Amino acid sequence: MKKGDHLFLVDGSGYIFRAYHALPPLTRKSDGLPVGAVSGFCNMLWKLMLDARNTEAGVVPTHFAVIFDYSSKTFRNELYPEYKANRSAPPEDLIPQFGLIRQATKAFELPCIEMEGFEADDLIATYARLACEAGGDTTIVSSDKDLMQLVGPSVSMYDPMKDRQINVPEVVEKWGVPPEKMIDLQALTGDSVDNVPGVPGIGPKTAAQLLEQFGDLDTLLARAAEIKQDKRRQSIIDNADKARISRELVRLKVDVPVTDVLEDFVLQPPNGPKLIGFLKTMEFTSLTRRVAEATGTEAGEVEAVPVSVQWGADRHGPDVGSGAAPAATAAAPAARANGGNAAAAAPSSASAESGNVHDTPTALANKIAERAASQKFDHAAYVTIRDLATLNNWIAEARQAGVVAFDTKTTSLDPMQAELVGFSLATAPGRAAYVPLAHKSGRGDLLGGGLVENQVPVRDAIAALKALLEDASVLKVAQNLKYDLVVLDRHGIDVHSFDDTMLLSYVLDGGTNGGHGTDSLSEKWLGHAPIPFKEIAGSGRNVVGFDQVDIDKATAYAAEDADVALRLWRVLKPRLAAKGVVSVYERLERPLVPVLARMEQRGISVDRQILSRLSGELAQGAARLEDEINAIAGERFNIGSPKQLGDILFGRMGLPGGTKTKTGQWSTSAQVLEDLAAEGHELPRKIVDWRQMTKLKSTYTDALPGFINPETKRVHTSYALAATTTGRLSSSDPNLQNIPIRTTEGRKIRTAFIADKGNKLISADYSQIELRVLAHVADIGQLKQAFADGVDIHAMTASEMFSVPVEGMPSEIRRRAKAINFGIIYGISAFGLANQLSIPREEASDYIRKYFERFPGIRAYMDETKAFCRENGYVETIFGRRIHYPEIRSSNPSVRAFNERASINARLQGTAADIIRRAMIRMEDALVAARLSARMLLQVHDELIFETVENEVEATIPVVRHVMENAAMPAVSMSVPLHVDAHGANSWDEAH
DNA sequence: ACAGAAGCTTA
DNA sequence: GTAAGCTTCTGTT
């Protein structure tokens with residue numbers, strides 16, 4: 001650089017946020033990718049470049065660079081840990097744009113500069129100094145006041161959005177001090193956004209006046225006693241240290257050891273085809289046109305760069321096709337640039353890869369899927385990371401890409417007991433690596449399990465990964481992230497910004513055939529069967545922990561998982577917008593992941609003694625019954641074997657009324673045994689009782705103690721987010737959603753679920769939520785009125801149907817109405833109702849007919865649901881969750897009928913499930929805001945269990961009720977009130 | 001060792 | 001009639 005040269009430094013990071021907030025929200029590409037900030041950035045850059053070519057414009061850049069922040073951690077954090085500590089995560093839809101803006105910069109052929117540990121402002125300060133020393137001028141493209149300290153004879157600022165130059169007079173006009181005093185001024189005023197303390201009570205006006213009077217900060221602090229105003233004087237004396245610290249925070253570093261030299265910044269003429277390729281991908285039509293005109297490129301002949309780049313950078317590895325195509329386009333001189341060349345460099349599916357501006361979102365999403373299915377996997381290309389430097393390179397690569405898929409590898413399926421063994425990550429399709437951390441050598445248990453050599457020390461790796469995983473500006477992608485969240489939280493890592501491919505699939509394809517696990521998704525979308533776990537770690541009695549797996553094998557397996565997750569994400573995420581289910585994913589699924597992770601980690605206390613005592617009682621009871629049963633039967637047999645029992649009851653003893661199961665066995669179901677008992681037979685009653693006792697013993701009193709975690713002494717269930725068709729959660733290991741309650745014997749098990757000493761449990765459950773949802777969605781006047789009046793809904797139904805007054809209603813009448821109400825929710829059939837009430841099918845049909853006469857709106861609702869489902873193949877909850885029933889069009893009448901009932905139920909059950917999800921997502925913040933210590937422990941479909949300190953029970957209940965009862969708002973204003981009952985007590989039994 | 005059926009628990 | 005998960009038995013691998 002020489003005298004007369006002019007350097008333009010664009011504050012890229014500052015610009016991202018300004019462009020984002022200045023432009024209309026939710027500017028999205030057709031596939032749903034938010035690109036508002038990218039658009040603003042490109043327009044601004046183009047305008048600057050245009051000025052560069054227009055010699056009449058006055059300021060003509062000869063050198064040009066765009067500067068970015070590297071991460072939120074800088075040397076200032078060491079100076080003052082609270083620096084920028086209160087800065088919240090960037091907005092959701094801005095995150096994917098960070099990477100895109102860096103790509104945009106490169107499409108403009110401009111240097112993209114960033115450096116770890118330094119803010120963009122420090123790099124700008126350093127380069128401005130270097131340019132000044134070389135005799136050149138600098139224009140800083142920004143309007144950030146933090147940069148104004150740099151303004152001087154050879155440095156000016158330019159605000160592209162207001163088209164305004166900022167020189168010394170402008171700084172003085174705005175702040176009342178010249179640029180060289182900006183540092184002192186900011187030291188006094190502080191900055192609430194960046195958490196720079198400053199001196200309380202001193203604003204810009206006062207600061208300027210004080211600096212005018214005393215000259216500079218040091219003089220001011222030394223002579224503070226001379227200040228006349230009492231308060232102001234005292235504040236400055238008291239906060240002198242804060243002012244000094246603030247000064248160091250706001251002073252920009254002009255001597256950053258930068259690696260790029262100014263000569264690298266020489267402005268290149270724009271590469272029309274390369275730039276247009278990018279702009280087309282972004283669907284910036286008007287800018288594409290303007291660039292085409294200005295560069296003399298035929299835009300129509302330039303292919304959009306392959307759509308794979310839209311969700312992340314795509315610069316690495318053997319990504320056949322997508323890697324080749326943009327390179328070919330970029331290399332092609334303007335005169336030769338045409339679609340044929342670009343496409344020719346790619347495999348034959350290239351035409352399908354290229355996004356077309358006129359594609360519908362669905363067509364685009366399908367093209368992405370088509371392309372993903374054709375890309376190959378190469379296990380040999382995966383990298384094993386064996387030292388920290390290499391790991392850091394990969395982390396830097398992930399930051400560049402803006403998106404990284406990852407997976408943790410551990411020793412257990414239980415995240416509460418799992419030991420971290422390794423970590424895999426993928427930054428682009430085919431570009432994946434595995435970091436072994438705790439692999440042990442073969443004969444581990446004999447020789448103490450020595451660590452295999454050449455593994456990154458766990459402590460170092462965790463620290464390095466923590467920075468990446470906690471950085472909200474890099475999107476993390478994982479399959480079933482909840483597991484990893486629990487494992488990582490135990491290592492002090494709190495993951496920010498993530499997507500979960502399992503949940504993407506669940507939202508898109510809930511109800512369709514095939515699960516949402518890695519293997520089935522990979523098979524389905526990528527046409528690739530990943531290495532089976534068995535092949536790596538064995539199966540059955542030969543299974544070994546992942547820490548025993550050979551590192552080369554582990555690399556192939558683990559890196560592949562991350563690779564698969566990344567590729568799946570690129571296929572699935574665009575489909576979300578194409579199918580119109582973005583908000584289901586963003587509001588009902590993703591935010592629940594960390595909530596459930598925390599609930600699982602908390603667990604619940606279970607009293608071993610109580611269970612042990614119950615177990616003994618049940619064992620005694622069952623033994624006594626066993627003797628009696630054997631005596632009556634006249635022989636010893638295995639009572640637990642339905643086959644043997646059936647033979648005895650209906651064969652040897654010749655009892656009447658036997659029915660067969662579909663496999664031709666005698667049915668010995670509780671229903672059959674109850675019927676026999678009602679006829680006076682002694683044995684069936686005892687069998688039923690024996691079954692109940694052994695069931696309670698084996699499933700609950702014997703099994704639950706085995707789930708008490710040795711470290712936490714609590715039971716940690718696992719919630720599945722993507723296991724049910726309707727949107728409900730499921731619970732397993734152990735299942736805490738089917739703890740007995742109906743019988744007094746079974747209910748005793750709940751007395752073992754207790755609050756810790758000094759605490760209470762609170763149970764809060766929705767009353768009749770599914771019937772209320774029915775009243776709302778089917779718009780049934782009588783039901784809505786009944787719920788509004790708070791009357792007994794089953795009695796009201798009975799009264800309507802059988803013309804019996806609610807007062808003094810016989811319990812049998814009410815029982816029947818209740819069964820009908822439940823039947824409606826389940827998509828009623830005469831067969832089912834007859835079974836439930838033990839009445840003839842004809843009688844059940846009469847009930848149903850009568851019900852529909854009294855509530856014609858319900859029949860209309862059911863018919864409408866079936867018709868919609870037949871037409872579309874799915875039904876929707878009121879929050880837009882889609883539940884698929886492809887078999888509703890089956891030619892098999894019973895299959896069809898089953899799907900019709902399921903679809904009717906799914907709208908109701910699914911809506912109720914969505915409502916409680918919303919409540920759970922909001923609950924933590926509501927409790928914190930109310931300064932309550934209560935924490936959610938369990939969810940049982942319409943019930944939430946909390947634990948809190950004893951003296952906060954009364955204060956907690958109204959907060960919990962409020963969140964639950966208003967959970968549908970504001971998305972849906974329900975026409976029926978939701979009602980929640982809540983109680984606090986020492987055990988789950990008493991609280992319910 | 002695993003898979004499916006039967007049976008039972010919950011909302 | 002809807003939605004789940006767990007245990008035991010039974011037959012196959």
Side-chain angles (χ1 to χ4, degrees), chain A residues 510-511 534 538-543 637-646 660-673 687-688 690-700 702-704 706-707 717-720 723-743 745-747 749-750 765-771 774 819-837 841 844 847-848 862 883 885 894 897-910 912-913 916 938-943 992:
Chain A
K534 283 194 288 192
S539 68
R541 69 170 57 169
N542 299 318
V543 276
F637 70 105
N638 185 347
I639 307 169
S641 162
K643 187 173 141 69
Q644 294 182 34
L645 177 62
K660 296 280 182 78
T661 66
K662 65 180 171 199
T663 53
Q665 294 289 316
W666 289 111
S667 170
T668 65
S669 67
Q671 181 66 63
V672 169
L673 299 179
I687 304 283
V688 169
W690 179 88
R691 278 190 182 163
Q692 190 198 21
M693 287 187 182
T694 52
K695 172 76 178 178
L696 293 176
K697 185 170 182 291
S698 66
T699 308
Y700 302 105
D702 288 352
L704 281 172
F707 285 100
T717 184
S718 171
Y719 287 106
T724 72
T725 43
T726 56
R728 275 189 175 181
L729 304 180
S730 78
S731 156
S732 65
D733 310 296
N735 180 357
L736 295 185
Q737 290 181 324
N738 71 347
I739 302 302
I741 190 168
R742 276 141 77 149
T743 65
E745 281 305 304
R747 197 172 171 138
I749 290 164
R750 291 193 173 217
D765 67 304
Y766 284 106
S767 158
Q768 307 286 5
I769 188 167
E770 288 179 8
L771 274 179
L774 171 71
I820 292 167
N821 276 334
F822 275 102
I824 296 295
I825 292 169
Y826 298 153
I828 203 153
S829 79
F831 181 84
L833 183 63
N835 261 345
Q836 176 68 28
L837 288 175
R841 183 115 55 99
Y847 284 175
I848 294 169
M862 291 179 144
I883 302 149
Y885 291 98
S894 69
F898 175 82
N899 279 273
E900 288 172 353
R901 290 195 297 272
S903 67
I904 288 164
N905 173 256
R907 282 182 78 182
L908 308 175
Q909 189 182 111
I916 197 166
L938 305 177
Q939 188 251 40
V940 193
H941 308 309
D942 64 359
E943 175 188 14
H992 192 88

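Since we're looking at a predicted model, the values are computed, not measured. Within every chain, numbering begins at 1; the chains are lettered A, B, ... in the order of the sequence lines, protein sequences first and strands thereafter.
- Considering only side-chain N and O atoms, A:Thr725 lies nowhere under 4.0 angstrom from the phosphate OP1 or OP2 of C:dT2.
- For the pair A:Asn899 CG and C:dT2 P, the interatomic distance rounds to 10 Å; values are reported in whole Å.
- Among the atoms of the strands shown, base atoms are found under 4.0 Å from some heavy atom of A:Ile828.
- The interatomic distance linking A:Leu696 (CG) with B:dT9 (C1') rounds to 9 Å, in whole Å.
- Here the nucleotide nearest the side chain of A:Pro642, chosen from C:dC9, B:dT9, C:dT2, is C:dC9.
- Seen from the ring of A:Trp666, A:Lys660 counts as a face-on cation partner, given the 6.0 Å and 45° thresholds.
- Going from atom NZ of A:Lys695 over to atom C1' of B:dT9 covers 5 Å, rounded to whole Å.
- Counting any heavy atom pair closer than 4.0 Å across all strands shown, A:Gln665 reaches no nucleic acid atom.
- Side-chain proximity of A:Asn735 to B:dT9, C:dC6, C:dA3: nearest is C:dC6.
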- Given A:Thr668 and A:Ile687, is the side chain to side chain contact (heavy atoms under 4.5 Å, CB included) satisfied, shown in steps? CA-CA 10 Å; A:Thr668 65; A:Ile687 304 283; over 6 Å; no

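- Taking only side-chain nitrogens and oxygens, A:Ser669 never comes nearer than 4.0 Å to OP1 or OP2 of B:dG7.
- Distance from the side chain of A:Asn905 is smallest to C:dA3 among C:dA3, B:dA11, C:dT10.
- When heavy atoms are screened at a 4.0 angstrom cut-off, A:Ala912 is found touching no nucleic acid atom at all.
- Side-chain atoms of A:Gln692 and A:Thr743 include a donor-acceptor pair closer than 3.5 Å.
- Using a 4.0 Å heavy-atom cutoff across all strands shown, A:Gly640 reaches sugar-phosphate atoms only and no base atom.
- The side chain of A:Thr663 has B:dA6 as its nearest neighbour among B:dA6, C:dT10, C:dA4.
- Atom CD1 of A:Ile904 is separated from atom C1' of C:dA3 by 15 Å (rounded to the nearest Å).
- Counting only heavy atoms from C-beta on, A:Asp733 has its side chain closest to C:dC6 among C:dT7, B:dT9, C:dC6.
- Considering only side-chain atoms of A:Pro740, the nucleotide from C:dT7, B:dT9, B:dA11 that sits closest is B:dT9.
- Rounded to whole Å, the distance from CD on A:Glu943 to C1' on C:dA4 is 16 Å.
- Here the nucleotide nearest the side chain of A:Thr726, chosen from C:dT7, B:dA11, C:dA3, is C:dA3.
- Across all strands, A:Ala844 comes closer than 4.0 Å to no nucleic acid atom at all (heavy-atom distances).
- In this structure, CG in A:Leu673 is found 6.5 Å from CG in A:Leu645, a value given to the nearest 0.5 Å.
- Phosphate contact (OP1/OP2 of C:dA4, side-chain N/O of A:Arg728, threshold under 4.0 Å): absent.
- If you check C:dT10, C:dT2, C:dC6 against the side chain of A:Tyr826, the one that comes closest is C:dT2.
- Scanning all heavy atoms of the two residues, the minimum distance from A:Ala912 to A:Glu770 falls at CB-CG, 3.9 Å.
- Nucleic acid contact class of A:Ser829 (heavy atoms, under 4.0 Å, all strands): base.
- The closest side-chain donor-acceptor pair between A:Thr717 and A:Ser731 falls under 3.5 angstrom.
- The side chain of A:Asn638 places an N or O atom within less than 4.0 Å of a non-bridging phosphate oxygen (OP1 or OP2) of C:dC9.
- Comparing A:Leu729 and A:Thr694, the nucleotide of DNA chain C nearest to each residue sits closer to the 5' end for A:Leu729.
- In the model, A:Gln909 has no side-chain atom that pairs as donor or acceptor with a side-chain atom of A:His941 under 3.5 Å.
- At the heavy-atom level, A:Ala670 lies under 4.0 Å from the strands shown only through sugar-phosphate atoms.
- Checked by atom type and distance alone, the side chain of A:Gln644 never pairs as donor or acceptor with a backbone atom of A:Phe637 at under 3.5 Å.
- Distance CD1 (A:Ile739) to P (C:dT7): 11 Å, rounded to an integer number of Å.
- Judged by distance alone, with hydrogens and angles left aside, A:Gln909 brings a side-chain donor or acceptor within reach of the base of C:dT2, the pair sitting under 3.5 Å.
- Between A:Thr661 and B:dA6 there is a side-chain polar atom (N or O) within less than 4.0 angstrom of OP1 or OP2.
- In this structure, A:Leu704 places its CG atom 11 Å from C1' of C:dC6, rounding to the nearest Å.
- Regarding A:Lys662, its NZ atom lies at a distance of 11 Å from the P atom of B:dG7, rounded to whole Å.
- Residue A:Arg691 has its side chain nearest to B:dG7 when only C:dT7, B:dG7, C:dA3 are considered.
- Minimum atom distance to the side chain of A:Ser539 is reached by B:dC2, of the listed C:dA4, B:dC2, B:dT10.
- Using a 4.0 Å cut-off, no side-chain N or O of A:Gln671 falls inside it from OP1 or OP2 of B:dC8.
- Taking side-chain N and O atoms only, A:Thr668 has no distance below 4.0 Å to OP1 or OP2 of B:dA6.
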